[in-house]
Visitor: 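Here's a structure for you.
Residue numbers begin at 1 in each chain, while the letters A, B, ... track the order of the sequences. All values reported here derive from a predicted model rather than from experimental measurement.
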There are 2 protein chains.
Amino acid sequence: MPVTIHDVARRAQVSPSTVSRALSASHLVRGTTRERVLAAAKELGYQPNPAARSLITGRTGNIGIVVPDLNNPFYTGVLRGVQARARQSGYAVFFADGEEDPVAEEALVRAMARQVDGVVMCAPFASDAQLRALAGITSLALLNRRLRDVPAALMDSASGMRQVVDHLVALGHRRVAYLNGPNIAWSNRERRRGLRAAAARARMTVVEFGPFEPKFEGGVQAADLALAGGVTAIMTYNDLMALGVLSRLADRGVAVPQEMSVVGFDNLLYAAVCAPPLTTVAMPMEAGGRAAVDLLLAGIDGSDDGGAGTFRELTTNLIVRATTAAASTTSPDSPDSPPPAA
Amino acid sequence: MPVTIHDVARRAQVSPSTVSRALSASHLVRGTTRERVLAAAKELGYQPNPAARSLITGRTGNIGIVVPDLNNPFYTGVLRGVQARARQSGYAVFFADGEEDPVAEEALVRAMARQVDGVVMCAPFASDAQLRALAGITSLALLNRRLRDVPAALMDSASGMRQVVDHLVALGHRRVAYLNGPNIAWSNRERRRGLRAAAARARMTVVEFGPFEPKFEGGVQAADLALAGGVTAIMTYNDLMALGVLSRLADRGVAVPQEMSVVGFDNLLYAAVCAPPLTTVAMPMEAGGRAAVDLLLAGIDGSDDGGAGTFRELTTNLIVRATTAAASTTSPDSPDSPPPAA
DNA sequence: GACTCGTGCACAAACGTTTGCAGCCAGATC
DNA sequence: GATCTGGCTGCAAACGTTTGTGCACGAGTC
């Protein structure tokens with residue numbers, strides 16, 4: 001039923017191979033012949049069969065993307081970037097949600113491996129060994145994860161943390177809490193590293209809590225601990241946790257930012273629209289997705305080792321909104337703090 | 001480099017066809033032979049080449065999903081459902097973001113058509129003619145859109161609206177605003193239809209505004225209009241708009257729910273965690289995605305017309321949270337309303 | 001005018017799998 | 001013991017495309 005290259009060939013009075021060459025932007029056919037072929041293809045609405053093509057070329061024209069949790073808007077941002085850039089280059093994208101399970105993630109990649117030319121992985125939880133094994137099966141490009149000889153797009157969390165610290169110090173905060181995300185997560189380690197370095201330089205004390213689930217609920221849980229820590233500001237691993245913190249602080253009658261400053265990380269849509277709008281670090285999600293695809297495709301079409309093992313670093317920026325202010329003089333956990341105003 | 005069926009055949013001392021049959025869960029091979037083949041396949045780590053397979057079978061084992069806007073968490077929910085269900089049935093998922101452009105959507109489907117067995121479409125904006133044309137190219141399953149002879153999973157928005165109306169009437173609201181989403185959107189028409197019917201039955205007056213963009217900004221824009229409409233409650237096309245309304249009302253010093261009730265639609269994660277938590281109608285997003293895949297696959301493997309043209313209706317439920325309360329006696333737009341308490 | 005050269009095209013093989021058909025062998029039937 | 005039957009298996013074709021090889025033909029050179 002579907003029209004094949006033979007149909008086009010018959011109509012254009014040439015052989016199938018000539019049709020193929022005419023369509024592959026080849027200069028190997030005469031101008032007049034090419035036009036005839038193109039016309040025939042258009043009239044018949046010819047669309048090449050990707051299976052047949054990839055069978056012979058060994059390339060699929062597809063890439064895969066694996067994310068740990070689609071409910072986190074951070075990854076949907078990445079997904080948008082990936083898809084847009086892939087489409088630009090004529091690639092289609094396979095998508096899979098690992099549901100935060102490294103085992104499932106690996107299985108998904110193995111399942112995809114045969115029908116993609118490479119996969120972009122957002123895999124904060126997978127082990128290095130796992131990733132390396134997968135890199136042996138198919139081309140890989142990582143996002144926010146560093147692994148020798150595997151290309152990766154990295155968002156400069158450390159710089160973001162430095163900006164946050166400078167901001168808080170300028171506001172007079174001397175003792176702040178950091179609510180850790182999952183310990184295994186590369187980004188959490190990276191953020192913590194940046195935070196510690198910046199805090200040390202600025203002589204700011206950081207009290208760490210966690211790890212917590214990097215979700216709203218995790219933030220709710222963490223808020224009470226942080227409140228008891230005698231701090232004037234709370235920094236969280238990501239925005240979802242920060243939203244949880246805000247919610248819990250509101251419940252407990254702690255005024256933000258008057259009594260407590262809160263800083264998130266990611267700059268999700270909701271950080272801008274919640275009340276009060278959240279001060280946070282903007283992560284270039286779509287740009288990260290695009291960069292990862294660029295690296296992946298460079299490793300695929302281009303020189304093999306030209307693209308492999310290279311890293312692309314993307315800048316992050318502090319977005320100051322309404323949850324940070326000058327440090328309160330009275331710590332909110334002190335017994336003389338006013339009772340919650342219902 | 002990759003291991004083929006011939007490698008397995010050689011190792012198991014049989015012909016490739018026997019290997020194929022042994023793996024296709026066929027009863028056509030002797031038990032002992034099958035075991036030998038399976039063992040060989042396992043040792044070699046054989047993974048069949050999907051391109052070769054689909055070339056001969058005409059089936060790809062893939063489905064596609066097209067959504068209008070990935071930034072809307074509603075669609076990521078659907079995406080999760082689709083992917084989970086597809087994986088369960090051994091299908092991989094191609095993903096594409098139409099970016100709210102019907103033309104792009106159609107192009108995406110056409111591009112996918114050759115490498116999928118069917119596609120799930122969330123296409124509120126595409127025209128009937130467009131969808132019908134696409135249905136001629138590949139199998140289709142729609143979500144929240146009714147089209148003759150095309151299977152679809154439908155969420156019963158009308159029932160949701162009825163529940164909202166009953167709830168508001170019980171709270172004493174007699175005059176409420178409805179902020180329309182895009183007029184072309186099937187779901188908006190559906191919701192409005194349900195709303196009008198229920199309101200008529202309950203003798204409640206509905207003042208309509210819009211259409212607006214179904215996003216936060218649209219809600220912000222719409223809020224002022226609704227405030228001037230002399231209503232005691234605002235119903236919105238979706239949660240994103242409701243969040244925009246809440247934000248704008250807070251800015252203008254209108255207390256929710258004391259002076260104004262607000263109801264959303266969708267039950268996004270953020271509806272539960274914003275302040276105050278949003279009363280809204282829960283849409284079964286993941287279930288909808290799963291149902292759409294079920295219908296699609298039924299149309300593909302099963303009897304051709306057994307699945308086509310069937311609809312699956314999913315129930316919706318009102319979730320009462322903190323943005324609805326008894327109707328205020330003084331309309332917030334009346335001149336004697338107290339000035340915003342900064 | 002014979003040779004070379006290059007352009008433009010067709011032929012055919014190959015990619016890895018599935019599947020219809022035919023063959024083989026063992027057991028059963030007469 | 002010959003024929004039949006039916007369960008297993010191998011052979012080969014086919015799916016639609018790309019691509020290496022070779023042929024034909026015309027133009028150029030001596």
Visitor: Any donor-acceptor pair under 3.5 Å linking the side-chain atoms of Thr18(B) with those of Ser15(B)?
Guide: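 Yes, a side-chain donor-acceptor pair sits under 3.5 Å.
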
Visitor: Compute the bend angle of the helix from dG1(C)-dC30(D) to dC30(C)-dG1(D) from the end axes (five pairs per end), rounded to 10°.
Guide: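 Computed from the C1' atoms at both ends, the axes differ by 60°.
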
Visitor: Does dC15(D) have OP1 or OP2 under 4.0 Å away from a side-chain N or O of Ser54(B)?
Guide: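 So the side-chain polar atoms of Ser54(B) never come under 4.0 Å of the phosphate oxygens OP1 or OP2 of dC15(D).
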
Visitor: Just so I know, are the side chains of Leu296(A) and Ser139(A) near enough to count as touching, which here means a heavy-atom distance under 4.5 Å?
Guide: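 They are in side-chain contact.
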
Visitor: Using whole Å, report how far NE2 of His27(A) lies from C1' of dG6(C).
Guide: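 In whole Å, dG6(C) C1' lies 13 Å from His27(A) NE2.
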
Visitor: If we only count heavy atoms from C-beta on, is the Ile63(B) to Val293(B) side-chain gap below 4.5 Å?
Guide: yes

Visitor: In whole angstrom, what separates Leu28(B)'s CG from dT18(C)'s P?
Guide: 13 Å

Visitor: What's the separation between atom CG in Leu143(A) and atom OH in Tyr75(A), rounded to the nearest 0.5 Å?
Guide: 8.0 Å

Visitor: So, the side chain of Ser24(A) versus the backbone of Ser20(A): is there a donor-acceptor pair under 3.5 Å, distance only?
Guide: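 Looks like yes, one N/O pair under 3.5 Å.
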
Visitor: Nearest nucleotide by nearest heavy atom, which residue falls closer to the 5' end of DNA chain D, Gln13(B) or Ala52(B)?
Guide: Gln13(B)

Visitor: Side chains of Ser187(B) and Asn144(B) only: does a donor on one sit below 3.5 Å from an acceptor on the other?
Guide: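 There is no such pair between these side chains.
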
Visitor: Please report, rounded to the nearest Å, how far the P atom of dG16(C) is from the CD atom of Gln47(B).
Guide: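 Atom CD in Gln47(B) sits about 15 Å away from atom P in dG16(C).
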
Visitor: In plain terms, say whether Asp128(A) and Arg145(A) are close enough for a salt bridge, that is, a side-chain N and a carboxylate O under 4.0 Å apart.
Guide: yes

Visitor: OP1, OP2 of dT18(C) versus side-chain N and O of Arg53(B): anything below 4.0 Å?
Guide: yes

Visitor: So Phe125(B) and Pro102(B), do their side chains get closer than 4.5 Å, heavy atoms only?
Guide: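 Answer yes - side chains close enough.
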
Visitor: Sequence neighbours left out, what passes side chain to side chain donor-acceptor pair (under 3.5 Å) with Asp69(B)? Give chain and number order.
Guide: Arg80(A)

Visitor: Using whole Å, report how far CZ of Arg34(B) lies from P of dT9(D).
Guide: 10 Å

Visitor: Could you grab the distance from atom CG of Leu140(B) to atom CE of Met121(B), nearest 0.5 Å is fine?
Guide: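 Separation between the atoms: 6.0 Å.
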
Visitor: Residues from residues 2-11 of chain A sitting under 4.0 Å of DNA chain C, heavy atoms only?
Guide: none

Visitor: Within the 4.5 Å heavy-atom criterion, are Thr310(A) and Leu295(A) side-chain neighbours or not?
Guide: yes

Visitor: Where along residues 39-46 of chain A does a heavy atom come under 4.0 Å from DNA chain C, residue by residue in number order?
Guide: none

Visitor: Among Ile137(B), Val66(B), Thr60(B), Thr138(B), find the residue that satisfies the side chain to side chain contact (heavy atoms under 4.5 Å, CB included) test when tested with Met112(B).
Guide: Val66(B)

Visitor: With heavy-atom distances below 4.5 Å as the criterion, would you say the side chains of Gln47(B) and Val3(B) are in contact?
Guide: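 Side-chain contact under 4.5 Å: no.
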
Visitor: Taking atom types as modelled, find out whether Asp156(A) and Thr315(A) have a side-chain donor-acceptor pair closer than 3.5 angstrom.
Guide: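 Distance-only check fails for Asp156(A) and Thr315(A).
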
Visitor: Do Phe94(B) and Phe94(A) have ring centres separated by under 6.0 Å?
Guide: yes

Visitor: Report each atom pair, protein N/O against N/O of nucleotides 20-26 of chain D, whose distance is under 3.5 angstrom.
Guide:
residue	atom	partner	partner atom	Å
dG20(D)	O6	Arg21(A)	NH2	2.7

Visitor: Just N and O in the side chain of Ser20(A): are any of them under 4.0 Å from OP1 or OP2 of dT18(D)?
Guide: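 Yes, Ser20(A) has a side-chain N/O under 4.0 Å of OP1/OP2 on dT18(D).
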
Visitor: Are Gln115(A) and Pro50(B) side-chain neighbours, meaning at least one heavy-atom pair lies under 4.5 Å?
Guide: yes

Visitor: Let me spell it out: for each of Arg114(B) and Arg36(B), pick the nucleotide of DNA chain D with the closest heavy atom. Which residue's pick is nearer the 5' end?
Guide: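 Its nearest nucleotide lies further toward 5', so the answer is Arg36(B).
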
Visitor: Of all of residues 55-63 of chain B, which get a heavy atom below 4.0 angstrom from DNA chain D, listed by number?
Guide: Leu55(B), Ile56(B)

